[in-house]
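Atom set for the values below is all heavy atoms of this structure, side chains included, hydrogens, waters and symmetry mates excluded.
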Amino acid sequence: MTLKQLGLLYFTVRHLKPVQWYWRLYLRLQRLWRFNTALPATVASKPLPLLPPAPKPVSWRENTFVFLNQPGSAAAPIDWNNPKQAKLWLYNLHYFDYLQQPGLTRDQALLLMHDWITQNPPATGNGWEPYPLSLRIVNWIKFLSAHDDAEDLTTLKNSLYLQCRYLSGHLEYHLLGNHLFKNGVALLFGGAYFTGAEATAWLKTGRTLLEAEIQEQVLPDGGHFERSPMYHALILEDILDCLNLHQAQACFPAASAAQIAAQACQMLVFAQDTQHPDGEIAFFNDSALGIAPSPGALRAYATRLALPPTALASNPETTLRLIEKPDFGLYVLQNTLGQLIFDAGPIGPDYLPGHAHCDTLSYELSLWGQRCIVNRGTYQYAGPERNLFRATAAHNTVKLDGAEQHEIWSTFRVARRGYPDDIKIERQPDKLTVSAAHTGYRRLPGHLLHRRTIVCSMQSWHIEDRIEGHGRHSAESFIHLHPAVRIVDNTPAAVNCVIDNRRFVIHVSAGVTLTLVDGVFSPEFGLKQANHTLILRAEDTCPFMIAYDITPV
């Protein structure tokens, strides 16, 4: 291992919690123990009258699975651990989300479940890893609760019982975050579904886990602490599932259930306030469409559960509006023509930055109800292009001296990272101003600081990037246009853009070099769309600025 690699490793692991170190060792030692597959004399379950959950996208069609926009065979016997498929694709295969998709018949579902049992013996393969195991447990229990009739389901229930037992001994304390949350949800479902002392222990463990993790993971402003809009939606779906389960069979004390319901409502408000006008999430950190339910689907689920209704933040016609989510770090600036979503938050918990992107002080912009300026998205969870989409240049922010904002490395690692600083807000009758800095470039020679100021007027936005520090340095500011945006004209100082027959211009300040290049946008995993990227460059002695205006015409 080189000195550079040792440095990256040190600045990564120094943030881990003691419990993460302990459980890494515990899980390694546990491999030496044989998993107990002995079942109780009777595996008995209880009826769970669950309300319909959030629908899942169609991923199974007769002889084909489609996950992450990549097809794979669904013909029996299914290759559940095909080494030619990506790890995340196989995870999705083992999740069994397709049990909740419309159009899948009961008989088709049972064939898939029995095939899984036959080809995935206990404690072997991708399907027995705690994360896919957790999702599958919940999906199987939802399905069995809706189809537990006269047919003999003993084989399925016996397998499900062992899956719950295995999960209870392999909780993901070494990772924490959304992984541990999913473990808690699965144990809560397993404990509520089965009877007996072992199931009672699962229920207690799941309840204890969730009560603690909800308090840590749901921020005061209602956002999820990993700062990914996609994971926010996934965790909100989990919480609604738990409330659904609680209504079917009381799993929490009354006071605890009321608190969880209140936090679910906060999360619903957050999702509504920070969505784009098209009703979908923004692309900050690991986020993509087609994975989590949309904010609208989550609102509909909450309505079925009779949670208090939440008011959707409207785009005012005659006034400016600033929506603040300071704990998560998002600021939504709305004017008469659209909204800009500005990220001035941390990349995530220091001990869990695996879903972080170099998107600090980036933004996304919608005009006339359509996305116009976007981050590049998340194309892969693993593979050669993963970190290209996590890089600074993949976001609408600034890169200094060719360095990354945060030292992202490997698939889910971050070494030295920056933090937001000096956030200021100013409200005036005719404009809103939000400014923030971040410390990610302090490690560079010259002790550099990037400070961004966004001014939202009634019909325009002004973005100003100030580079502070010592010495002479280079800066690049990136603007990624949505694929629907066409460029009709460009000069050294301006780019004229059209979307749906409406025009806007991006005009750069003096002393800035404007370059137009071909780019790529990934709204979903495994999907690429061609777009245009503007690169604004300047080189000067600190302090200096790059500035531009976005003005509809």
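Within the 6.0 Å centre-distance limit, the rings of Tyr173 and Trp23 are counted as a close aromatic pair. Note: Tyr231 and His224 fail the aromatic proximity criterion, with ring centroids not under 6.0 Å apart. If you look at Tyr379 and Phe389, their ring centroids are closer than 6.0 Å.
The closest side-chain heavy-atom distance from Glu407 to Arg417 is not below 4.5 Å. Counting heavy atoms from C-beta outward, Gln119 and Pro77 have side chains that approach closer than 4.5 Å. Between Phe412 and His355, the closest side-chain pair of non-hydrogen atoms falls below 4.5 Å. In this structure, the side chains of Ser59 and Asp97 stay at 4.5 Å or more apart for every pair of heavy atoms.
Ring-plane geometry between Trp89 and Phe65 is classed as perpendicular, the angle between the planes exceeding 60 degrees on a 0 to 90 degree scale with a lower cut at 30. Ring orientation note: the planes of Tyr381 and Phe525 are nearly perpendicular, at an angle over 60° on the 30°/60° scale.
Residues Leu104 and Leu112 approach most closely at CD1-CD1, 4.4 Å, considering heavy atoms.
No more than 12 heavy atoms of other residues, nucleotides or ligands sit less than 6.0 Å from atom NZ of Lys204.
For Gln249 and Tyr193, the side-chain atoms include no donor-acceptor pair closer than 3.5 Å. A donor-acceptor contact under 3.5 angstrom links the side chains of Tyr419 and Asp350, judged on distance only. Thr360 and His406 share a side-chain donor-acceptor pair at under 3.5 Å. There is no side-chain donor-acceptor pair under 3.5 Å between Asn139 and Arg136. No hydrogens or angles considered: a donor-acceptor pair under 3.5 Å links the side chains of Ser134 and Asn183. When only modelled atom types and interatomic distance are considered, Trp80 and Asp115 share a side-chain donor-acceptor pair under 3.5 Å.
Ion pairing between Arg376 and Asp359 fails under the 4.0 Å rule for side-chain N and carboxylate O.
Residue pairs meeting the ring pair (Phe, Tyr, Trp, His ring centres under 6.0 Å) criterion with at least one member in residues 254-293, sequence neighbours excluded: His232-Phe270, Phe270-Phe328, Phe283-Phe521.
By the ring pair (Phe, Tyr, Trp, His ring centres under 6.0 Å) test, Trp140 pairs with Phe96, Trp116, sequence neighbours left out.
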